[in-house]
Amino acid sequence: MVAWQLNFGPLKEPLGFIKLLEWFASIFSFATCGGYSGKTEIIVECAKLSENKSAVAPFMYPFRLNVQLFGGIPENFCNATWKELHLTGDYSSPAQFYVSIGVFAFLYCMAALAFYLGFMHLYRDSRTFPLCDFFITVIFAVMWLVSSSAWAKGLSDIKTSTSPQNVVDHHCPSGFKCLPGQESHMGSLNISVAFGFLNLILWAGNAWFVYKETSLHSPPQQPNPEQGPGNVSP
């Protein structure tokens, strides 16, 4: 039976310290994206009457904007029929892909840290564990590159679709005059993109330190067949 030997020493080494940074960065990545909510506002005026109302469309993760309605306008407004007005675009795929990578990275970092702190002696005595750790680290580095790039493009499109000026210019119903209203700040979403690429740097950099623990970097020394078991080289 393998004994649990709690040791915080690995956290002082690059292998454990960077893994701890990856754990924190993954939390910020999926939290700043998955916890976001905002709204887009336009001001609707009557073409012939001095009356106006604000129409607001809320939106949030996973950013299926095409199902978000502008509310606040009565059906009969300005002696005309107000038709349903939606935001445009469905950006749930890049958002959910990005958040999923963040969650899986968070879970893997927890498991890896627990293994480092409790079973580092077993980790270093084995060939299998460092190799598995290395390949998983490389896969996560690639996934962070793909998901962060996709989410950066998705966020750019979300900003365009939710821009009040864009809604006014391209989607204002006929018979009404529309003016841009308040626009939500997306600072936390910008931060989520930054943390995505920070994760890429951390995981790609940590791949080198994990690689140094594998037999690929330091293959086990083979015994010299010309040297007998009883002979000792000087």
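Atom set for the values below is all heavy atoms of this structure, side chains included, hydrogens, waters and symmetry mates excluded. Numbering starts at 1 and runs along the sequence shown.
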### Task
Mark yes or no for whether T162, through its side chain, and I158, through its backbone, hold a donor-acceptor pair below 3.5 Å.
yes
### Query
Backbone N or O of L145 within a donor-acceptor pair of the S149 side chain at under 3.5 Å?
yes
### Query
Is N206 close to E22 at the side-chain level, that is, under 4.5 Å between some pair of heavy atoms?
yes
### Query
Between F106 and F30, what is the ring plane arrangement, given parallel below 30°, perpendicular above 60°, and tilted in between?
perpendicular
### Task
Please lay out, stage by stage, how I139 and Y108 fare under the test side chain to side chain contact (heavy atoms under 4.5 Å, CB included).
CA-CA 12 Å; I139 290 172; Y108 179 72; over 6 Å; no
### Task
Please examine the side chains of Y123 and D133, heavy atoms only from C-beta on, and report whether any two atoms are closer than 4.5 Å.
yes
### Message
On a heavy-atom basis, which atom in Q165 and which in P180 lie closest, and how many Å separate them?
### Response
OE1-CG, 3.5 Å
### Task
Return the orientation label for the Y211 and F134 ring planes: parallel under 30°, perpendicular over 60°, tilted otherwise.
tilted
### Task
Classify the side-chain pair Y91/S161 by whether it contains a donor and acceptor separated by less than 3.5 Å.
yes
### Query
Does E13 pair with K212 as a salt bridge, N-O distance under 4.0 Å?
no
### Task
Find out whether K177 and C172 are in side-chain contact, i.e. whether some heavy atom of one side chain is under 4.5 Å from a heavy atom of the other.
no
### Message
Please tell me whether F129 and F115 form a close aromatic pair, meaning their ring centres lie under 6.0 Å apart.
### Response
yes
### Side-chain heavy atoms of C178 within contact of P173, under 4.5 Å
yes
### Message
With a 4.5 Å cut-off on side-chain heavy atoms, are L65 and T88 touching?
### Response
no
### Query
Can the ring centres of F77 and W82 be said to be less than 6.0 Å apart?
no
### Residue pair W144 / Y98, side-chain heavy-atom distance below 4.5 Å
yes
### Exam field: side chain T160 to backbone S156, donor-acceptor pair closer than 3.5 Å
yes
### Message
Would F197 and I201 count as a side chain to side chain contact (heavy atoms under 4.5 Å, CB included) here? Give the steps.
### Response
CA-CA 6 Å; F197 287 105; I201 296 172; 5.7 Å; no
### Task
State, to 0.1 Å, how close T40 and F59 come at their nearest heavy-atom pair, and which atoms those are.
OG1-CE2, 3.5 Å
### Task
Could you tell me whether a side-chain N or O of E41 sits under 3.5 Å from a main-chain N or O of G181, the two making a donor and an acceptor?
no
### Query
Does the side chain of K53 come within less than 4.5 Å of P74's, by heavy atoms?
yes
### Message
Regarding H170 and N166, do their side chains bring together a donor and an acceptor under 3.5 Å, going by distance alone?
### Response
yes
### Message
I want to check something: taking the side chain as every heavy atom from C-beta on, are I42 and L85 in contact at a cut-off of under 4.5 Å?
### Response
yes
### Task
Under the side chain to side chain contact (heavy atoms under 4.5 Å, CB included) rule, what do Y36 and T32 come out as? Steps first, then yes or no, please.
CA-CA 6 Å; Y36 180 82; T32 51; over 6 Å; no
